[in-house]
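Everything below concerns the one structure shown next.
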Amino acid sequence: MKGFAFSPPRLEIPKGTTVTWTDGDTILHTATSGTSVKADDLGHYTITADGKSNGTLEDLGRSFSFTFDTAGEFAYFCARHNNMMGIVVVK
């Protein structure tokens, strides 16, 4: 993540793959599983964490890893910057 964005925003991987998120900014980000949906044009989002994973990346270079053992689509977002969203597609 860098510049208030996950890169890539959509990642397709085989089951059993470990994904690592690394903070490329000098501010706190998270990689929180669940959804963040834009609620209005004023910058409000409706967030729903699903409790599957929650990585806090406290500063530049910090990392969080999670192994995806189940096939499906797994949305995630930054709990501090709700406009940052991504999805991992596990096949």
Side-chain angles (χ1 to χ4, degrees):
M1 55 188 80
K2 186 172 178 113
F4 295 93
F6 291 107
S7 179
R10 178 185 172 90
L11 180 64
E12 293 188 18
I13 59 170
K15 187 167 61 170
T17 299
T18 299
V19 174
T20 300
W21 291 264
T22 302
D23 192 344
D25 292 324
T26 57
I27 59 170
L28 177 88
H29 289 298
T30 74
T32 303
S33 62
T35 58
S36 178
V37 178
K38 188 173 181 179
D40 59 34
D41 290 332
L42 299 175
H44 298 108
Y45 288 78
T46 301
I47 61 169
T48 306
D50 62 19
K52 293 178 184 171
S53 68
N54 186 25
T56 300
L57 300 105
E58 298 172 346
D59 203 355
L60 182 65
R62 295 288 180 116
S63 296
F64 164 72
S65 297
F66 184 80
T67 301
F68 290 87
D69 292 325
T70 306
E73 294 189 1
F74 301 90
Y76 63 92
F77 63 96
C78 177
R80 298 217 15 161
H81 310 100
N82 301 148
N83 62 317
M84 292 176 61
M85 298 169 259
I87 190 163
V88 176
V89 179
V90 183
K91 298 186 176 195

_Least distance between heavy atoms, Thr20 atom then Ser65 atom_ = OG1-OG, 2.7 Å
*Could you tell me which non-hydrogen atom of Thr30 sits nearest to which non-hydrogen atom of Ala79, and how far apart they are?*
OG1-N, 2.7 Å
*Rounded to the nearest 0.5 Å, what's the gap from CG on Leu60 to CG on Leu28? Could you check?*
12.5 Å
_Pairs meeting criterion salt bridge (Lys or Arg N to Asp or Glu O under 4.0 Å) with involvement of residues 7-18, two or more places apart_ = Arg10-Glu12, Glu12-Lys91
*Taking Ser33 for the side chain and Ser53 for the main chain, is one N or O donor matched with an acceptor at less than 3.5 Å?*
yes
*Gly3 and Asp25: which non-hydrogen atoms are nearest, and at how many Å?*
N-OD1, 2.9 Å
_Through direct or indirect side-chain contacts below 4.5 angstrom among Ile, Leu, Val, Met, Phe, Trp and Tyr, which residues connect to Phe68?_
Met1, Phe4, Phe6, Leu11, Ile13, Val19, Trp21, Ile27, Leu57, Phe64, Phe66, Phe74, Tyr76, Met84, Val88, Val90
*asked:* Distance check, rounded to the nearest 0.5 Å: Asn82 atom CG versus Phe77 atom CZ?
replied: 6.5 Å
*Report yes if the side chains of Asp59 and Thr26 come closer than 4.5 Å at any heavy-atom pair, otherwise no.*
yes
*asked:* Once rounded to the nearest 0.5 Å, what's the spacing between atom NE2 of His29 and atom OG1 of Thr22?
replied: 12.0 Å
*Quick one: closest heavy-atom pair of Ala39 and Thr46, and the distance?*
CB-OG1, 3.8 Å
*Looking at residues at least two apart in the chain, or sitting in another chain, which of them share a side chain to side chain donor-acceptor pair (under 3.5 Å) with Ser36?*
none
*Look up atom CZ in Arg80 and atom OG1 in Thr56, then write down how far apart they are to the nearest 0.5 Å.*
10.0 Å
*Roughly how far, to the nearest 0.5 Å, is CG of Asp23 from NZ of Lys2?*
9.5 Å
